[in-house]
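Working notes, structure below.
Each chain gets a letter, A, B and so on, in the order the sequences are listed, and its residues count up from 1. This one's a predicted model, so the numbers in the text were calculated from it and none came from an experiment.
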2 protein chains.
Amino acid sequence: MTTADDVMDVLVRTTFEVAGVLTRIAAEHDLSLTQLRLLGILRDRRARVTELAAYLGLDKSTLSGLIDRAQRRGLLARGKNPQDGRVVEVYMTPAGLELAERVEDDIRRALAPAVGRLDQEQFGPLVSLLDVVATRSPRTPAAPEEPTATR
Amino acid sequence: MTTADDVMDVLVRTTFEVAGVLTRIAAEHDLSLTQLRLLGILRDRRARVTELAAYLGLDKSTLSGLIDRAQRRGLLARGKNPQDGRVVEVYMTPAGLELAERVEDDIRRALAPAVGRLDQEQFGPLVSLLDVVATRSPRTPAAPEEPTATR
DNA sequence: TTGACATGGTTGGTATTACCAACCATCATG
DNA sequence: CATGATGGTTGGTAATACCAACCATGTCAA
């Protein structure tokens, strides 16, 4: 019988496995895992600092440094928000977008052997199962403390 | 149609989600994610420094510091190997084992809502699918394999 | 209108993580 | 027994991340 504990074990194992791959590929491009996520987020849309901090579960001050260094490298830029003078909006530069694309290619290449061990008809089931697990239900009235993984 | 890219996307998303949970719970016990993994490995068996470095994909010198701090906290200890005087064997103290147990409980509690969104009959399929993905084929002598972080 | 408070970011300080290079001690081999 | 390989530690540096304190800007009530 497969228990919830078994599911957790394999989830944790997979997490370390995938995180290891991501860390390695990121390092090859002189990026940390956090910077990788940052680029991943900003790839799709510009975002304000607090928003990024909430999303990543990090302190605002951590973001300041992260953005500083990425900006110094020319990967992203800070812009003003005309509606609210306090807000700093962060967005990718063309160089950042280009790097993100290269990194994504490398990640897909690195994950290919692992995913390739599955039969193609297993893709669908795995995706729907993991999607259930990974998607936080928005309706969790149980714990008023801790809405997300922030502190 | 579900593609390999879709699988990768959900894998990465799940990884960040689970890693976030692990990081949060670890932090609640004043542990980093790396220390968590370290305790997870040493829970089952004692190991030498180089071995740990290989498992974790870290430099030996990083392990030195990691072990130093955990030792200072009374979580683990260094022992000698009678066969080889150069070797340092690391093992958990009772306090370390106890902490590892508490942390595991908290992790299981924290992952329960996510896993609980699955039906019980989906446990088996998910575990076997993820096991395929997370288990490096022995044909690839790239890096040493990863034991489960908890338990 | 103007205080008072709230919000958004940055700065400064500290601890940890992680790397590399250099090093010492111990083994293994010619 | 000299030489080299292996196992760990030390020292130096950069990045990550926290907290507390701090400005600047917005908001709201008296």
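Cluster annotation: A:Tyr55 and B:Val21 are assigned to the same hydrophobic cluster (Ile/Leu/Val/Met/Phe/Trp/Tyr, side-chain heavy-atom contacts under 4.5 Å, transitive). Residue A:Leu52 is not grouped with residue A:Tyr91 when hydrophobic side chains (ILVMFWY) are merged at heavy-atom distances under 4.5 angstrom, including chains of intermediate members.
Between the CG atom of B:Leu52 and the P atom of D:dG7 there is a distance of 13 Å, rounded to whole Å. Residue B:Arg24 contributes atom CZ, which lies 17 Å from atom C1' of D:dC18 at whole-angstrom precision. Here the P atom of nucleotide C:dC27 and the NZ atom of B:Lys80 are 9 Å apart, to the nearest Å. Atom CG of A:Asn81 is separated from atom C1' of C:dG9 by 13 Å (rounded to the nearest Å). Atom CD in A:Gln71 sits about 14 Å away from atom P in C:dG9, given to the nearest Å. Per the geometry, CG belonging to A:Asp59 stands 17 Å off P belonging to C:dG13, to the nearest Å. Computed from coordinates, the A:Leu63 CG to C:dT10 C1' distance equals 12 Å when rounded to whole Å. For B:Leu36 and C:dT16, the CG to P distance is 17 Å, given to the nearest whole Å.
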- Task: Go through B:Arg108 and B:Asp105 one step at a time and tell me if the salt bridge (Lys or Arg N to Asp or Glu O under 4.0 Å) criterion holds.
- Result: CA-CA 5 Å; B:Arg108 296 212 183 274; B:Asp105 288 348; over 6 Å; no
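Looking at A:Ser128, its side chain does come within 3.5 Å of a backbone N or O of A:Pro125 through a donor-acceptor pair.
Atom CD1 in B:Ile41 sits 9.0 Å away from atom CD in B:Glu51 (nearest 0.5 Å). Once rounded to the nearest 0.5 Å, the distance linking OG1 of A:Thr62 with CD1 of A:Ile67 reads 10.5 Å. Annotation: the span from A:Asp9 atom CG to A:Thr2 atom OG1 amounts to 11.5 Å, rounded to 0.5 Å.
Residue B:Ser64 is classed as a base contact, given a heavy-atom separation below 4.0 Å to a base.
Applying the side-chain contact (heavy atoms from CB on, under 4.5 Å) test between A:Ser61 and each of A:Leu63, A:Asp59, A:Leu58 identifies A:Asp59 as the sole match.
Side-chain proximity of B:Lys60 to D:dC19, C:dC20, D:dG8: nearest is D:dG8. Closest to the B:Ser61 side chain, of the nucleotides C:dC20, C:dG8, C:dT11, is C:dC20.
The closest side-chain donor-acceptor pair between B:Asp5 and B:Thr3, if any, does not fall under 3.5 angstrom.
Residues A:Asp68 and B:Gly57 each lie close to DNA chain C; by heavy-atom proximity, the contact nearer the 5' end of the strand is made by A:Asp68.
Residues from residues 82-92 of chain B placing a heavy atom under 4.0 Å of any atom in DNA chain C, listed by number, are B:Asp84, B:Gly85, B:Arg86.
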Could you list, one pair per line, each protein nitrogen or oxygen that sits under 3.5 Å from a nitrogen or oxygen of nucleotides 12-16 of chain D, together with the distance?
{"from": "D:dT16", "atom 1": "OP1", "to": "A:Ser32", "atom 2": "OG", "distance (Å)": "2.7"}
{"from": "D:dT16", "atom 1": "OP1", "to": "A:Gln35", "atom 2": "OE1", "distance (Å)": "3.3"}
{"from": "D:dT16", "atom 1": "OP2", "to": "A:Arg69", "atom 2": "NE", "distance (Å)": "2.5"}
{"from": "D:dT16", "atom 1": "OP2", "to": "A:Arg69", "atom 2": "NH2", "distance (Å)": "2.7"}

